[in-house]
Amino acid sequence: MAKEITDETIEYVGILAKLELSEDEKEQAKQDMGRMLDYFDKLNELDTEGVEPMSHAFPVNNVFREDEVVNGDDRDNMLANAPEKKDGTYMVPKTFD
């Protein structure tokens, strides 16, 4: 193990994660965290010279269309079926006084 995981570290992580761990679970968590840190150390041994940092494994492109108005100002058509209208707007019953 690169760094020994202490009981205090496990307690602190448990508090942050709002977990109540049994003694067996704490021991298992210590071993798991130790293995993770060992793996990170192993990754640090890799030669990354000339490798550009990236945030995704594949290129990320915006898949949304541009926000373009296609129906324009068609107020008369929209108000054609309104039961009541006034000054180019819908008239609706009052909902409260």
Side-chain angles (χ1 to χ4, degrees):
M1 259 186 218
K3 181 180 176 187
E4 184 66 32
I5 306 297
T6 64
D7 291 333
E8 290 80 23
T9 302
I10 296 299
E11 288 287 332
Y12 183 66
V13 171
I15 291 168
L16 291 176
K18 297 184 179 186
L19 296 174
E20 292 183 23
L21 301 173
S22 69
E23 289 304 316
D24 290 339
E25 290 170 327
K26 288 178 185 176
E27 282 304 313
Q28 184 63 47
K30 280 171 56 173
Q31 292 173 10
D32 291 344
M33 288 178 80
R35 282 195 297 273
M36 282 188 269
L37 291 176
D38 288 343
Y39 186 69
F40 293 147
D41 285 342
K42 184 115 178 124
L43 288 176
N44 284 332
E45 295 173 8
L46 294 173
D47 179 20
T48 56
E49 187 69 34
V51 177
E52 291 186 38
M54 59 187 210
S55 61
H56 294 77
F58 299 101
V60 177
N61 299 315
N62 185 358
V63 296
F64 299 110
R65 64 172 169 76
E66 291 296 320
D67 190 13
E68 298 174 10
V69 176
V70 293
N71 59 352
D73 184 15
D74 198 13
R75 180 179 297 187
D76 294 333
N77 241 357
M78 289 187 277
L79 290 171
N81 292 323
E84 292 184 52
K85 52 193 164 204
K86 179 181 176 185
D87 299 327
T89 61
Y90 295 100
M91 293 294 294
V92 296
K94 285 185 177 180
T95 55
F96 58 92
D97 289 319

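- Using a cut-off of 4.0 Å between Lys/Arg side-chain N and Asp/Glu carboxylate O, Arg35 and Asp38 are scored as not salt-bridged.
- More than 12 heavy atoms of other residues, nucleotides or ligands sit less than 6.0 Å from atom CG of Asn62.
- The 12-atom threshold is not exceeded at CG of Asn81, counting heavy atoms of other residues, nucleotides or ligands nearer than 6.0 Å.
- Under a hydrophobic clustering in which Ile, Leu, Val, Met, Phe, Trp and Tyr are joined whenever their side-chain heavy atoms come within less than 4.5 Å, directly or via other members, Leu19 and Ile10 fall into the same cluster.
- Tracing side-chain contacts under 4.5 Å through hydrophobic residues (I, L, V, M, F, W, Y), one reaches Val13 starting from Met36; they form part of the same cluster.
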Distance-only criterion, 3.5 Å: show the donor-acceptor pairs between side-chain atoms of residues 42-53 and protein atoms not counting sequence neighbours.
unit_1: Asn44; atom_1: ND2; unit_2: Phe40; atom_2: O; d: 3.4
unit_1: Asp47; atom_1: OD1; unit_2: Glu49; atom_2: N; d: 3.1

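- Note on Glu4 versus Lys30: no salt bridge recorded, every NZ/NE/NH1/NH2 to OD/OE distance being 4.0 Å or above.
- Remark: the backbone N or O of Leu79 is paired with a side-chain donor or acceptor of Lys85 at under 3.5 angstrom.
- The CD atom of Glu84 sits 11.0 Å away from the OG1 atom of Thr89 when rounded to the nearest 0.5 Å.
- Counting heavy atoms from C-beta on, the side chains of Glu25 and Glu20 never come closer than 4.5 Å.
- To the nearest 0.5 Å, the span separating CD on Glu11 from CD on Glu8 amounts to 8.0 Å.
- For the 3.5 Å distance criterion, the side chains of Asp24 and Gln28 fail to qualify, holding no donor opposite an acceptor.
- Residues Met33 and Tyr39 share a single hydrophobic cluster, defined by chaining ILVMFWY side chains whose heavy atoms lie under 4.5 Å apart.
- Across all non-hydrogen atoms, the minimal contact from Glu27 to Asp7 is OE2-OD1, 4.2 Å.
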